[in-house]
2 protein chains.
Amino acid sequence: MDCKDNCPLLERRCVKPTSNRILVLKTLTAAARPMSLSEIEETIGTMDRSSIFRVLTLFASNHVVHTIEDGNGVLRYEICDGEDECTLQDMHTHFYCERCHRTFCFKSIQIPSIELPDGYIMHSVNYMVKGICPNCAH
Amino acid sequence: MDCKDNCPLLERRCVKPTSNRILVLKTLTAAARPMSLSEIEETIGTMDRSSIFRVLTLFASNHVVHTIEDGNGVLRYEICDGEDECTLQDMHTHFYCERCHRTFCFKSIQIPSIELPDGYIMHSVNYMVKGICPNCAH
DNA sequence: ATATTTCATGCAACAGCGTTGCAAAGTGTA
DNA sequence: TACACTTTGCAACGCTGTTGCATGAAATAT
């Protein structure tokens with residue numbers, strides 16, 4: 001494959017832009033917050049759960065999206081912003097509201113880094129704050 | 001209940017120390033790393049999954065243990081060290097090895113704090129690093 | 001243009017984790 | 001001893017994530 005397609009986000013990652021893939025990508029782009037598999041399924045409505053899963057898995061391994069655990073045992077998917085690889089750009093903090101069970105994305109708040117003990121190799125970091133969101137605190 | 005039992009860790013939290021509860025507590029204490037429900041079940045062998053679950057739920061709400069998501073969709077339980085409440089004392093970082101799927105506990109590395117946007121109320125934080133542990137990096 | 005291979009999709013089914021209802025066993029109390 | 005309350009085990013369930021398989025679509029070769 002030569003990476004010359006008409007969907008820039010997928011093209012950049014050498015992912016063949018099938019209609020389903022574009023659909024999933026648009027759904028994720030439209031949502032302000034990281035979405036779960038079920039949420040995507042509901043939003044799209046016409047696409048099979050396993051197909052969405054496979055698209056997301058492909059996206060994740062090609063750095064189109066990355067995943068976070070939302071603090072409730074559910075995986076959520078979020079579009080990678082980084083130009084090149086899914087790097088520090090994407091290492092921002094998240095907030096899980098224990099009341100409304102929504103996950104918020106603090107893109108402007110980067111994850112403070114720590115120094116690991118010798119021998120540990122870091123691939124990614126997840127910084128998840130749990131609490132109550134402004135809406136639910138009323 | 002008057003909190004005067006013979007198991008200090010449970011007594012302090014006003015949890016009646018039944019034999020099963022002590023068993024779960026000892027299992028958790030003996031393990032160096034945070035354990036999952038299944039791990040506890042296997043280790044104990046004689047106790048029903050749901051009973052363990054209920055004990056852990058009770059422990060968690062009485063701040064005997066706290067839970068972390070291990071980066072693999074599995075909940076893990078860890079004994080709270082804090083004297084009083086489950087506070088900063090317990091807010092240390094964790095490491096999930098993507099190769100051996102074990103979760104490590106960096107008790108000496110505290111989670112660096114961030115400033116939340118207005119209106120968000122923080123209850124707890126999870127700082128989870130994913131990568132390769134020294135054993136697996138060989 | 002047609003045949004052949006490759007890839008993507010939908011359906012069905014499954015495993016594992018977390019969770020609950022219910023009845024029996026255990027514990028404490030009057 | 002009788003009674004109330006708690007704890008436990010068994011069974012079952014829902015949900016998330018995941019895979020096998022057969023069909024359909026797309027790309028490639030003939």
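On a predicted model such as this, the values are computed, not experimentally measured, just so you know. We name chains A, B, ... by the order of the sequence lines, and we start the count at 1 in each one.
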Sequence neighbours excluded, the answer for side chain to side chain donor-acceptor pair (under 3.5 Å) partners of S50(B) is D48(B)
Ignoring hydrogens and angles, answer whether the base of [N] and the side-chain atoms of [X] contain a donor-acceptor pair closer than 3.5 Å.
X      : N       : result
R76(B) : dG18(C) : no
R54(B) : dG18(C) : no
S38(A) : dC15(D) : no

Roughly how many Å is it from [atom1] in [X] to [atom2] in [N], rounded to a whole number?
X      : N       : atom1 : atom2 : answer
D48(A) : dT23(D) : CG    : C1'   : 13 Å
K16(B) : dT27(C) : NZ    : C1'   : 6 Å
E69(A) : dC17(C) : CD    : C1'   : 13 Å
N20(B) : dG9(D)  : CG    : P     : 5 Å
F53(A) : dC11(C) : CZ    : P     : 18 Å
E41(B) : dG16(C) : CD    : P     : 11 Å
D70(A) : dG17(D) : CG    : P     : 9 Å
I52(B) : dC17(C) : CD1   : C1'   : 13 Å

Worksheet item: Does R33(B) come within less than 4.0 Å of E78(B), counting only side-chain N to carboxylate O?
Response: no
Using ring centroids (six-membered ring only for Trp), state whether F104(B) and Y96(B) fall under 6.0 Å. no
Is it true that Y120(B) and F106(A) have ring centroids separated by less than 6.0 Å?
yes
Of the listed dT6(D), dT16(D), dT9(C), the closest approach to the R21(A) side chain comes from dT9(C)
Winner on side-chain proximity to L75(A), out of dC10(D), dG18(C), dG17(D), is dG17(D)
At under 4.0 Å between heavy atoms, what does [X] touch on the DNA or RNA strands: base, sugar-phosphate, or nothing?
X      : result
T57(A) : nothing
R49(A) : base
S36(B) : nothing
T18(A) : sugar-phosphate

query = Could you go step by step and tell me if C97(A) and K130(A) meet the side-chain contact (heavy atoms from CB on, under 4.5 Å) rule?
reply = CA-CA 6 Å; C97(A) 177; K130(A) 287 198 207 180; over 6 Å; no
Heavy-atom nearest nucleotide on DNA chain D taken for V55(B) and for L37(A); more 5' hit belongs to V55(B)
Sorted by position of nearest nucleotide on DNA chain C, 5' first, the leading residue of L58(A) and S50(A) is L58(A)
